[in-house]
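Nothing fancy with the numbering, it's 1 onward along the sequence.
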Amino acid sequence: MFVSTLNTIVRHSGAVTQALRRSFASQAVVAAQTGFDGVELPPTTLPAFYITDSTLREGEQFATGEFTTHDRRYLAKQLSRMGVDYIELVNPIASAKARKECEDIASLGLKSKIAVHVRCDEKDVRAAIDSGVDAINVYMATSAQLSKFSHGKSIEKVIETATNVLAVAISNNVEVRFSCEDSFRSNLDDIIDVYRAITAIGVHRVGLADTVGVATPAQVAAVTTRVREVVGDGVGINFHTHNDTGCCIANALVALECGATHIDTTILGIGERNGITPLGGLLARLYTLDPEYIKRRYRLPALAHLERYVASCVDVAIPFNNYITGSAAFSHKAGVHSKAVMQSPASYEVLCPEDFGVQRKIQLAHRITGWNAIQARARELDLAISEHQIKIVTAMIKDHSDEETISKEQLDFILCELSKYPQVDLSALPDDDESKEFRESALLFMERNAKKAIDNIPKTIRESQLKRVLCLEGHLFDSHLLNDIMDYCVACPLDFKVLSLDIPNNDDLLSTARIQFEATNNTDFDPVLASLQELASHTSFDNALCRIVWEGY
């Protein structure tokens, strides 16, 4: 029924196209007037929007989401300092501690409005009112899948229950939102009937919830547009989407383009199952549309600290490819990329790392590096090295890095050594036989200098990182255990490299692996061996056949 209704909307009304072109200037929902620092915001082409951060509600539902009272208070203060518009907390009726923390955070006088997420039940609403929060977000399932196993009520009964409960909240002068849980698996006609009824009694916002992350951008566009047509311009639309299928940021943007006014996020996107729209990812997406406005509205450099703090609280590592703050987010390696970025960062960056308080990294000594990157490093060190010498040593570094990693410290040593030799500018030589002979001699001189510099890297630099190879052998590589081993290596603070991995198709044969770890101190290796031996002890294969040892020890 829902798919049929959706297709009708797209086919007959052209609503998606109209929504993407509509002007938000006439929208009655008031746009934010000032940024995080209280200063008036510049004009923007972005629609009026507000961010509701739900780290302290949705984030509590993350698999390892455990926050202390101190954590919740601190995160609320930092989110408000960053400029987030709403902070959503758990239902105060959940426990005595939850009630006390809601009251505490609501009394802090934060710039952000404090909201709570409650069931469509009068007891929940009255508890929320008594806690002193600014906004109450009420929800009730409307899809056939959830209604059957949640409340078992018909849509008519949902409307009756919602209007009665919401009337209590509205009469107490708090902002009120009502969401049809699992909106995108609900019958569209049903949620339209619900929203017509509740907007008639004065709710401030209606909510579209992609509870299981099933919606496509086209569905979000069609449904949001239709709901906007029904509720009018004076009512906000809140959009909440899960990331089960990887569309949450795209869907959030489309929702805004089609009339949504409030987007739910969490720090690092943590939440039930695969989580919801990440705060950093949404900010990155909006930044590309109006950088000046976004960096004036939100204190962007606060994001990195918030993400590190939350990652520590929930015991996860920030992914290498995380928006903005991932270790590889602003890392450039290929020679062509590095050259372009050093000349004009915008050539390969749509986000300015400095605006977010993070740094760009140019990877230097590797086989796909370029001489421009090596030359740039020499200039950073204030070393005068000719272009020809730089090109020669770059070629040698590329070859050498196939056999052995060259660290930044080692590269600096090489460049310092080269700077001690006389530098010759061969580009100024005339094109004659005498110059040709001199050129060949000079190039040979440069090659010898480069080779000598690489060969003479001091032992203390070469061995600044200790290396050990862990050997694993036996019937230990069932798929579950292999994933656990790799997960451990990724999460381990030591650098690692898989040197070899042999997993026969026949379980009767032994599997082998060699993994190299690097550490500063010998004692850093001890937890690695103990942890992997512990993992192997839980394998479904015969543990007696497993051997995990350091090579040569």
Side-chain angles (χ1 to χ4, degrees), residues 35-36 41-47 49 51 82-84 217 243 246-254 256-257 263 265 267-269 277-308 310-311 317-381 390 394 397-398 401 407-408 411-412:
F36 66 87
L41 290 168
T44 182
T45 56
L46 292 171
F49 74 93
I51 292 177
M82 184 180 182
V84 165
N243 201 34
C247 286
C248 62
I249 296 175
N251 283 346
L253 179 64
V254 169
L256 287 177
E257 289 174 330
I263 303 294
T265 68
I267 299 167
L268 288 176
T277 307
L279 175 61
L282 180 64
L283 288 174
R285 178 68 274 180
L286 295 174
Y287 176 97
T288 66
L289 304 177
D290 192 340
E292 189 61 29
Y293 178 81
I294 294 300
K295 68 182 183 181
R296 291 273 295 277
R297 182 164 173 184
Y298 299 103
R299 194 188 302 270
L300 299 180
L303 179 68
H305 169 70
L306 278 168
E307 292 192 341
R308 286 194 296 267
V310 168
I318 296 176
F320 73 91
N321 60 345
N322 192 53
Y323 319 95
I324 302 167
T325 60
S327 61
F330 296 99
S331 179
H332 302 276
K333 187 173 182 180
V336 173
H337 287 237
S338 299
K339 176 184 177 182
V341 167
M342 287 186 291
Q343 294 177 347
S344 173
S347 57
Y348 280 101
E349 291 177 350
V350 295
L351 307 173
C352 178
E354 291 82 4
D355 287 343
F356 293 88
V358 296
Q359 294 184 329
R360 177 183 302 109
K361 291 182 289 187
I362 305 295
Q363 303 296 320
L364 297 171
H366 50 81
R367 68 176 180 177
I368 58 172
T369 192
W371 68 269
N372 286 280
I374 304 299
Q375 184 180 63
R377 181 58 184 165
R379 288 172 179 166
E380 287 178 6
L381 299 173
I390 289 289
T394 298
I397 286 171
K398 288 160 71 79
S401 63
S407 68
K408 189 174 182 180
L411 174 63
D412 290 350

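- Asp290 and Thr45 make their closest contact through OD2-N, 4.0 Å (heavy atoms, listed as atom of the first residue, atom of the second, distance).
- At least one side-chain heavy atom of Arg296 sits under 4.5 Å from a side-chain heavy atom of Pro42.
- Residues Ile294 and Leu46 form a side-chain contact, since some pair of their non-hydrogen atoms from C-beta on lies under 4.5 Å apart.
- The structure places CG of Asp355 at 4.0 Å from NZ of Lys295, a figure rounded to the nearest 0.5 Å.
- When all heavy atoms of Met82 and Leu283 are compared, the pair lying nearest together is CE-CD1, 3.4 Å.
- Between Tyr287 and Phe356, the distance from one ring center to the other falls under 6.0 angstrom.
- We find the SG-CG distance between Cys352 and Leu300 to be 10.5 Å, quoted to the nearest 0.5 Å.
- Counting only residues at least two apart or in different chains, salt bridge (charged side-chain N to carboxylate O under 4.0 Å, His left out) contacts with residues 367-377 comprise Arg367-Asp402, Arg377-Glu380, Arg377-Asp412.
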| request: Start with the C-alpha distance between His332 and Glu349, add both sets of side-chain angles, then the distance that settles side-chain contact (heavy atoms from CB on, under 4.5 Å), and finish with yes or no. | output: CA-CA 10 Å; His332 302 276; Glu349 291 177 350; 2.7 Å; yes
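- A pairwise comparison of heavy atoms in Leu282 and Ala252 identifies CD1-CB, 4.2 Å as the closest pair.
- Between the side chain of Thr369 and the backbone N or O of His366 there is no donor-acceptor pair closer than 3.5 Å.
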| request: Please report the C-alpha distance between Leu351 and Phe330 in whole Å, then the side-chain angles of each, then the deciding distance to 0.1 Å, and finally whether the side-chain contact (heavy atoms from CB on, under 4.5 Å) criterion is met. | output: CA-CA 9 Å; Leu351 307 173; Phe330 296 99; 3.9 Å; yes
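- For the pair Tyr298 and Ile51, the minimum side-chain heavy-atom distance is below 4.5 Å.
- Taking 4.5 Å as the limit, every side-chain heavy atom of Pro278 sits out of range of all side-chain heavy atoms of Thr265.
- Residue Leu279 holds its CG atom at 7.5 Å from CG of Leu306, rounded to the nearest 0.5 Å.
- Minimum heavy-atom separation, Ala304 to Val358: CB-CG1, 4.3 Å.
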| said: Evaluate Asn322 against Thr325 for side-chain contact (heavy atoms from CB on, under 4.5 Å), listing each step before the verdict. | reply: CA-CA 6 Å; Asn322 192 53; Thr325 60; 2.8 Å; yes
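- Every residue was checked against the ring-ring contact (aromatic ring centres under 6.0 Å, His included) condition with Phe320, not counting sequence neighbours, and none meets it.
- Looking at Leu253 and Leu286, their side chains come closer than 4.5 Å, going by heavy atoms from C-beta outward.
- Going from atom CD of Glu292 over to atom OG1 of Thr44 covers 10.5 Å, rounded to the nearest 0.5 Å.
- Annotation: side chain of Leu303 is in contact with side chain of Ile324 (closest heavy-atom distance under 4.5 Å).
- In terms of heavy atoms, Gln359 sits closest to Pro353 at C-CB, 4.3 Å.
- In this structure, Arg297 forms a cation-pi arrangement with Phe49, its terminal cationic atom sitting closer than 6.0 Å to the ring centre and no more than 45° off the ring axis.
- Residue Cys248 comes nearest to Asn243 through the heavy atom pair SG-OD1, 3.1 Å, listed as atom of the first residue, atom of the second, then distance.
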